[in-house]
Number of protein chains: 2
Amino acid sequence: MAETAVVHIVDDDSSLRLALDSLFRSVQLGTRLYGSAQDFLAAKRPDLPSCLVLDIRLPGISGLDFQQQLQQAGVHIPVVLMTGHGDIPMSVRGMKAGAIDFLTKPFRDQDMLDAVGTAIERDRERRSADGDLARLRELYEALSPREREVMALVVAGRMNKQVAGDLNLAEITVKIHRGAAMRKMGARSLAELVRMAEALQLPRAAVGR
Amino acid sequence: MAETAVVHIVDDDSSLRLALDSLFRSVQLGTRLYGSAQDFLAAKRPDLPSCLVLDIRLPGISGLDFQQQLQQAGVHIPVVLMTGHGDIPMSVRGMKAGAIDFLTKPFRDQDMLDAVGTAIERDRERRSADGDLARLRELYEALSPREREVMALVVAGRMNKQVAGDLNLAEITVKIHRGAAMRKMGARSLAELVRMAEALQLPRAAVGR
DNA sequence: TGCCCACTCATCCCTCGGTATAGGCGCGAC
DNA sequence: GTCGCGCCTATACCGAGGGATGAGTGGGCA
């Protein structure tokens with residue numbers, strides 16, 4: 001059976017890596033093992049729902065710092081933290097930074113599986129949402145500047161003639177652009193276009209009110 | 001100056017309560033002091049942005065359990081946890097349950113002020129958003145059942161005549177209900193109505209597609 | 001230079017949205 | 001019973017949406 005989800009394990013203790021490897025494989029999860037943060041960054045990661053199981057104490061860099069670096073670098077992967085010698089401030093920092101869980105060694109297998117299960121599920125949802133949004137953004141990019149302007153005003157609730165006034169155009173021209181925007185965005189109704197604009201978080205065109 | 005925000009302090013140690021009281025007052029924050037979770041629940045809480053500073057160890061009930069009870073009871077107040085004798089699993093549980101921070105005694109005044117500042121700010125935003133939503137819900141409640149049905153289909157992108165077919169009505173009737181819904185909701189355009197429906201999280205009327 | 005494309009505008013025509021006016025039915029409150 | 005209200009429908013009218021066809025301008029690029 002092909003992998004459907006992958007757990008990335010970053011720990012400098014090879015015996016723990018292998019123990020986790022067999023634990024995850026026993027529940028049909030794919031695995032990748034790394035001895036350091038650098039190895040993880042250098043590796044090519046499969047395009048699948050995945051998560052990162054990260055030891056706090058790593059060669060070279062703290063797992064907590066690494067976690068924050070990933071966020072800033074735009075690598076959105078759910079993180080499960082673990083440590084042998086942690087303290088409360090560490091765990092709080094990790095959780096504030098969005099970790100799914102923070103496990104202290106030794107932990108029960110089931111706790112780790114629960115955390116990883118939650119993490120994978122969250123990544124699955126994020127990937128799905130990101131995919132939808134990316135497709136939408138692609139359509140939006142294909143709009144001409146004028147079409148974008150018209151779309152912004154239309155989804156703000158302006159009538160064609162008002163848009164024409166706002167942009168100093170003839171009403172017919174607005175209709176053309178409006179129709180083009182609808183077609184290019186694949187919106188079959190104004191309602192759909194409004195929802196797309198919401199999803200794209202287009203800056204609300206502040207007209208009138 | 002009148003209070004603009006309130007910190008609720010729940011701790012069975014009266015000397016710590018007083019210390020926190022003066023700390024918060026020194027930065028113009030209102031305070032309320034309680035020796036137990038029950039006292040907090042029994043008290044009348046002002047209608048202002050606020051947060052809860054909660055000791056983990058309380059008479060009768062754990063602060064963590066209390067935090068979860070509040071959530072389930074629908075009391076949405078940001079919580080800052082603190083403890084003298086905590087461990088990592090406790091802190092993780094608290095953070096998972098949505099605590100703003102988890103401080104270990106003794107903590108630095110500034111850390112507490114930072115946490116409370118974040119908590120108050122979050123509550124301020126939540127209250128504002130809740131208020132808007134409540135006003136919207138009120139308008140929606142005022143709609144007749146038919147108007148709600150029509151609104152659902154309209155914001156799903158259906159044309160009047162399609163809605164008429166869906167509901168077995170004459171098109172003119174749909175127009176009436178549609179107009180009434182717009183008027184009652186205070187929407188000045190279809191776009192606005194769609195956004196209101198989104199904000200209300202109306203179940204997407206699944207027609208056609 | 002020639003072509004593509006974004007942008008612009010016009011005229012025609014049809015559909016759709018929205019309001020006003022007016023009427024009928026059923027049900028619960030007073 | 002009468003009143004109010006939600007609900008349904010009809011006729012008529014007008015303004016807004018939107019497509020088709022046609023056509024002109026200017027900028028970028030091979």
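Residue numbers start from 1 in every chain, and the chains themselves are labelled A, B, ... in the order their sequence lines are given, proteins ahead of strands.
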Any non-hydrogen side-chain atom of [X] less than 4.5 Å from a side-chain atom of [Y]?
{"X": "B:Asp55", "Y": "B:Asp13", "value": "no"}
{"X": "A:Leu81", "Y": "A:Leu64", "value": "yes"}
{"X": "A:Val194", "Y": "B:Val155", "value": "no"}

So does A:Arg17 have more than 12 non-hydrogen atoms from other groups sitting under 6.0 Å from CZ?
->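 Enclosed: over 12 neighbouring heavy atoms sit under 6.0 Å from CZ of A:Arg17.
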CG on A:Leu103 to OG on A:Ser91, rounded to 0.5 Å |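 That separation rounds to 11.0 Å.
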Sequence neighbours excluded, which residues qualify as ring-ring contact (aromatic ring centres under 6.0 Å, His included) partners of A:Tyr34?
->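 A:His8, A:Phe40.
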Side chain to side chain contact (heavy atoms under 4.5 Å, CB included) between B:Arg32 and B:Val6, intermediate numbers included = CA-CA 7 Å; B:Arg32 299 288 186 282; B:Val6 171; 3.8 Å; yes
Determine, for nucleotides 23-30 of chain D in 5'-to-3' order, which nucleotides have protein heavy atoms under 4.0 Å from the base (write B), from only the sugar-phosphate (write S), or from neither (write -).
-> --------
If the sugar-phosphate is the primed atoms plus P, OP1 and OP2 and the base is the rest, what is the B/S/- string for nucleotides 15-30 of chain C, using protein heavy atoms under 4.0 Å?
-> -SBBBB----------
How close or far is atom P of C:dT8 from atom CD of A:Glu149, stated in whole angstroms?
->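 Value for this atom pair: 8 Å.
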Interatomic distance, A:Glu147 CD vs D:dG18 P [rounded to whole Å] =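 It is 15 Å, rounded to the nearest whole Å.
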Could you pull out the closest heavy-atom pair between B:Ala191 and A:Ala156, with the gap in Å?
->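 So the minimum-distance heavy-atom pair works out to CB-C, 4.4 Å.
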Taking only the side-chain nitrogens and oxygens of A:Thr173, find out if one of them lies under 4.0 Å from OP1 or OP2 of C:dC9.
->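 It does, given that an N or O in the side chain of A:Thr173 lies less than 4.0 Å from OP1 or OP2 of C:dC9.
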Using a cut-off of less than 4.0 Å, is there contact between a side-chain N or O of B:His177 and OP1 or OP2 of D:dC8?
->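 Checking B:His177 against D:dC8: at least one side-chain N or O falls below 4.0 Å of OP1 or OP2.
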Comparing A:Ala170 and A:Lys184 on DNA chain C - which has the more 5′ nearest nucleotide =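 Taking each residue's closest nucleotide, the earlier one in sequence belongs to A:Lys184.
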